[in-house]
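Before any comments, here is the structure.
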Amino acid sequence: TSPIAWLRTRFYYLLIRLYFDQEFSTEEFTRGAKQAFSVVSKLLSQRKLDLLDELVSAEVLQVLKEKISLLPDNHRDALAADIDAIMYTTEGDVRIYYDDDGIKFVSILMRFWYLNGANLPDEVPGETKVFQIVFGDENTKEKRHLLTANYEFQREFTEGAKPDWTITRIEHPRLLE
């Protein structure tokens with residue numbers, strides 16, 4: 001992350017705490033985003049889209065239903081991210097919106113890098129093989145791939161709105177396209 005982007009993100013976090021939610025914590029949000037990412041990615045991998053209603057926006061859910069049905073099994077398996085396999089997380093962008101009706105929204109794009117042992121071909125662009133582990137003899141190798149995902153979380157801060165974050169964008173480059 002560039003220093004300017006880092007400063008801008010911290011400035012937006014300060015605005016969120018000052019004007020929207022005095023209890024907002026970057027660490028707590030990141031922890032919750034990781035947990036949500038892990039749960040949602042596993043449900044996507046298992047094709048349990050009906051369980052995503054409260055977590056993912058209706059628009060994103062409709063697109064996911066179309067895409068998931070067309071995925072090969074190995075790509076679907078690669079969507080799943082165990083929370084312990086998340087290697088790195090960072091904010092991609094933070095935005096504050098006001099619409100014409102006075103409704104206030106905050107959206108935070110989170111980027112995740114995670115290890116996954118799905119059986120992906122070596123020529124899958126955009127992912128990196130991190131290591132191979134040899135257990136016992138050299139005929140047994142376990143491949144791990146470092147994959148990325150972008151999830152955007154949005155919350156309405158208008159008075160009376162539910163205090164829930166909703167996922168409004170899901171991207172698994174090279175897997176879910």
Side-chain angles (χ1 to χ4, degrees), residues 1 5 9 12 16 29-101 103-130 142-158 161-177:
T1 304
T9 299
Y12 276 115
I16 292 169
F29 176 81
T30 301
R31 195 172 27 258
K34 283 172 127 176
Q35 189 173 17
F37 165 61
S38 179
V39 168
V40 169
S41 69
K42 287 177 185 177
L43 290 172
L44 287 174
S45 176
Q46 298 166 1
R47 294 184 181 166
K48 295 183 178 178
L49 302 179
D50 53 323
L51 299 177
L52 296 176
D53 283 339
E54 297 294 316
L55 301 171
V56 178
S57 72
E59 298 84 11
V60 171
L61 198 52
Q62 185 59 39
V63 171
L64 288 172
K65 286 179 181 179
E66 296 168 13
K67 289 183 177 183
I68 293 292
S69 66
L70 302 174
L71 281 183
D73 288 343
N74 62 342
H75 282 212
R76 208 173 24 84
D77 292 343
L79 295 175
D82 187 57
I83 198 158
D84 295 331
I86 300 171
M87 304 308 296
Y88 184 70
T89 304
T90 188
E91 308 91 1
D93 197 13
V94 179
R95 295 182 184 202
I96 297 173
Y97 302 98
Y98 291 89
D99 75 1
D100 295 335
D101 298 325
I103 299 174
K104 301 177 267 189
F105 291 97
V106 170
S107 71
I108 301 174
L109 177 66
M110 296 296 291
R111 294 190 172 131
F112 303 96
W113 284 262
Y114 64 102
L115 289 175
N116 184 287
N119 186 21
L120 295 173
D122 290 336
E123 65 272 359
V124 173
E127 60 88 24
T128 307
K129 277 186 285 184
V130 178
E142 182 181 350
K143 286 185 189 179
R144 294 285 179 169
H145 301 273
L146 182 63
L147 303 168
T148 62
N150 301 315
Y151 280 48
E152 184 176 60
F153 297 85
Q154 187 177 80
R155 179 177 167 193
E156 182 179 347
F157 281 95
T158 309
K162 291 186 343 184
D164 298 331
W165 290 90
T166 303
I167 298 171
T168 56
R169 180 169 53 166
I170 294 178
E171 297 172 342
H172 283 263
R174 310 296 186 264
L175 295 174
L176 192 61
E177 292 184 341

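Values reported hereafter were calculated over all heavy atoms of this structure, with side chains retained and with hydrogens, waters and symmetry mates removed.
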What one should report as the nearest heavy-atom pair of W165 and V106 is CZ3-O, 3.7 Å
Smallest heavy-atom separation, E152 atom then S107 atom, equals OE2-OG, 3.8 Å
For [X] and [Y], indicate whether the former's side chain and the latter's backbone hold a donor-acceptor pair under 3.5 Å.
{"X": "N116", "Y": "D77", "value": "yes"}
{"X": "N119", "Y": "N74", "value": "no"}
{"X": "S41", "Y": "A81", "value": "yes"}
{"X": "T158", "Y": "K104", "value": "yes"}
{"X": "S45", "Y": "R76", "value": "yes"}

Please determine which of N150, T90, T30 meets the side-chain contact (heavy atoms from CB on, under 4.5 Å) test together with M110.
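Result for side-chain contact (heavy atoms from CB on, under 4.5 Å) with M110: T30.
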Would you call the rings of W113 and Y88 parallel, tilted or perpendicular, where under 30° means parallel and over 60° means perpendicular?
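W113 vs Y88 ring planes: tilted.
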Return the set of residues passing ring-ring contact (aromatic ring centres under 6.0 Å, His included) with F157 (not counting sequence neighbours), or none when no residue passes.
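So F157 forms a ring-ring contact (aromatic ring centres under 6.0 Å, His included) with F20.
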For residues Y151 and H172, determine if any side-chain heavy atom of one lies less than 4.5 Å from a side-chain heavy atom of the other.
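The answer is yes; the side chains approach within 4.5 Å.
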Heavy atoms, side chains only, cut-off 4.5 Å: are F37 and T89 in contact?
no
